[in-house]
Structure formats: C-alpha cells, structure tokens
There are 2 protein chains.
Amino acid sequence: MEAGVLSKEEKKREVEVRPRNWLVPVILLTLREWNSYGYELMERTAAFGFEAMNPGTLYRTLRQMEKDGVVESKWETSRGGPARRMYTITDAGEAYLDFWAEALEQYRRNMDAFFRLYTGRPLMNNKNDKEEENE
Amino acid sequence: MEAGVLSKEEKKREVEVRPRNWLVPVILLTLREWNSYGYELMERTAAFGFEAMNPGTLYRTLRQMEKDGVVESKWETSRGGPARRMYTITDAGEAYLDFWAEALEQYRRNMDAFFRLYTGRPLMNNKNDKEEENE
DNA sequence: CCAACCTATGTGTATTGTACACATATATAC
DNA sequence: GTATATATGTGTACAATACACATAGGTTGG
C-alpha cells in the first residue's frame, strides 16, 4: 500500500467522526428549545453532523425515546398538510440531557489528550520501559 | 417516569460518549510514539476512554488494521514469557491518522455548537417560524 | 513436579446505533 | 387528476464494539 495518500479501501469508509449516541442528545437539546416534529428535526440535526440523516432512523429513534420516557408526543392535525407528531421533552429527558452533557465533558478531555499527543508534545514519559523503540 | 434522577432503565445503558472509530486512531497514535503490542496497548487505550477494553476486540481490530495496511506486525520471541506480536505503524497508517485528526477538528466544532446551545445562549433565531412553542 | 498465576493472543457470538431501501398518506398546485 | 412537497413509517443490513470464553507459554512456590 502506498503512503501519503489514502487507498481506495480507506476512502470508501471515509472518516466518520461523531460520537455514538449523538443523535438522542441532539434531539433532546433541540426539543428543549422548541417543541418540534420529525420532519423539522431532520434539518436541525444536520447542524450537528447528521447531514444526510435518514428519515427512518430519526422516526424510529423518536419512538424509542418516547418509550424510554424522555419525550412525549401528540398528533397535530389543526393545519393544512399531513399530520405532524409533535414532540415535547419530558423532565426525565432534561435530566438525561444534563447527564449526557456531563459525560461529554469527560470525553472532551480525552479528545484534548489525543490532540496534545497528536500535535507533537508527548504528554509524559510515564511508560515504565520502552525498549522496543527500534529493532 | 420521575424527573431529576435517572431511571433504572437509563442508568443501565449509562452514557457512553466516545466518537465512533475512536479505537483505530488511538491505536495509531500510540504506535506513532512507540512500537507496541496488544497487551500493552490495552493499558494505553484506557487513557483515551477505553477503560475496560475487551482483549478480543483489541486483537481483532489490530488484525484488521494490518489487513488494511495501516500497521505491520512481527512476532517477538527473544524474551521470557509468551511471544508478543509487535506492531509498527506504516506510512499509510500515519496518513490515515492525519486524515482522521482533521475530521476530528470538524467534529469538535459540532460539539462546541452543542455546548453553546446547551449552556443557554441560543445560537441564533434563524428558525423561520416557531409557532409551536406552547399549545 | 505440578498447580496457580500472570502474560499474551485469539475465536464465536451478541448488541447497538445508525444507514439504506422502500412504502404510505395528506394536502396543494398545475 | 397527477405530480410534488410534506410527513411518518417498516424491514433489513452493517460496522464498531462488547461480552464470553478458549488457549498457550513462562514463572513461582509448595
């Protein structure tokens, strides 16, 4: 394999940087601002990295979130056009969001550690032995 | 569901904040510092959020990375104790790492946007209509 | 000497978050 | 009345990681 450029193999899987469980918090955060519904949420989640969000994934996630009690929904039919399932964040949802944000902070520290090491300066020499440097 | 505290349901799945594809870059970054092997890498990946890394997952990932050409390995037997499969990062591996780090920067912006919104100040009022605030 | 233990690598299978493909229904515009 | 935008949904696939378990070499101590 050649160096310097990425092989077709690697390009294919592109690099996807996004935390797992990113979708749920993003939805919750958005709903904390305004009540909303699936179709609209799709646009807004794009701002957080879900650029080509698949509708099915979003709708299913919303249903699951309702089962989990972090959101509630009811149909909104008083309007032209197809009915919308309007979602509201629950108290449990806000609690979950807070919990998640806290965890995100911890992760940010991990990411910073990554960058410190990446950008050159080795954090420390706390490795007991490093005899396998070269052979 | 009660608010303020997390339900058993939510506690069970804990909040796992870590980007997808985090393991591979962490391994590559570590190998860029020193050549290493699975057993040792387990300790080091812990520093980046893989606190209870399962051996199987790590070893399988390393093999896959070798197939992808981002690392190379050879047995090290000149030592007491079980043989170690020593890994070295390849040029392609370094290129991949660079590529990934760049993508990570973009994600960091998403995360910052999340925090700005989370910590109160609404980014903007660029939403066309928000009639569903209350009903 | 052989049993217990640490080191070290591995396989088989499950889980989970999201992706992809596709289906359906309601209104409005032409 | 059919095309289009809006809106919600199901079935299935996939990839990253988790979990459970197996194996084998070497060292230590009774």
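From a predicted model like this one, the values you see are computed outputs, not experimental measurements. A, B, ... follow the sequence lines: proteins, then strands. Residue 1 opens every chain.
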Atom CG of A:Leu58 to atom C1' of D:dT8: distance rounded to whole Å? 10 Å
Between A:Arg60 and A:Gly80, the residue closer to the 5' end of DNA chain D by nearest nucleotide is A:Gly80
From OH of B:Tyr39 across to C1' of C:dC5 the rounded distance in Å is 11 Å
To the nearest Å, give me how far apart CG (A:Asn54) and C1' (D:dG11) are. 12 Å
Taking the six-membered ring for Trp and the single ring otherwise, decide whether the centroids of A:Phe114 and B:Trp100 are under 6.0 Å apart. yes
Figure out the CD/P separation between B:Glu76 and C:dT9, and round it to whole Å. 10 Å
Rounded interatomic separation in angstrom, taking CG from A:Leu62 and C1' from C:dT18: 14 Å
Would you call the rings of A:Tyr107 and B:Tyr107 parallel, tilted or perpendicular if under 30° counts as parallel and over 60° as perpendicular? tilted
Counting only side-chain nitrogens and oxygens, does B:Tyr59 get under 4.0 Å of the OP1 or OP2 atom of C:dG10? no
For B:Met53 and D:dA20, what is the distance between atoms CE and C1' respectively, to the nearest whole Å? 16 Å
Does any donor-acceptor pair link the side chain of B:Arg79 with the base of D:dG26 at a separation under 3.5 Å? no
Hits for salt bridge (charged side-chain N to carboxylate O under 4.0 Å, His left out) against A:Arg108, two or more places apart or cross-chain, chain-then-number order -> A:Glu105, B:Asp112
Apply side chain to side chain contact (heavy atoms under 4.5 Å, CB included) to A:Pro55 and list each qualifying residue two or more places apart in sequence or on a separate chain. A:Met42, A:Tyr59
Measuring from the side chain of B:Leu23 (C-beta onward, heavy atoms only), which nucleotide among D:dT17, D:dA24, D:dT8 has the closest atom? D:dT17
At under 4.0 Å between heavy atoms, what does B:Gly56 touch on the DNA or RNA strands: base, sugar-phosphate, or nothing? base
Send over the distance from B:Met42 CE to C:dT9 P, rounded to a whole Å. 8 Å
On the side chain of B:Arg84, is there an atom forming a donor-acceptor pair with the base of D:dG25 - under 3.5 Å, no angle test? no
Distance only, no hydrogens: is a donor on one side chain within 3.5 Å (strictly under) of an acceptor on the other, for A:Asp68 and A:Tyr96? no
Taking atom P of D:dA5 as reference, at what distance in whole Å does atom CD of A:Glu43 sit? 14 Å
Quick one: on DNA chain C, does B:Arg63 or A:Pro82 contact a more 5' nucleotide (nearest heavy atom)? B:Arg63
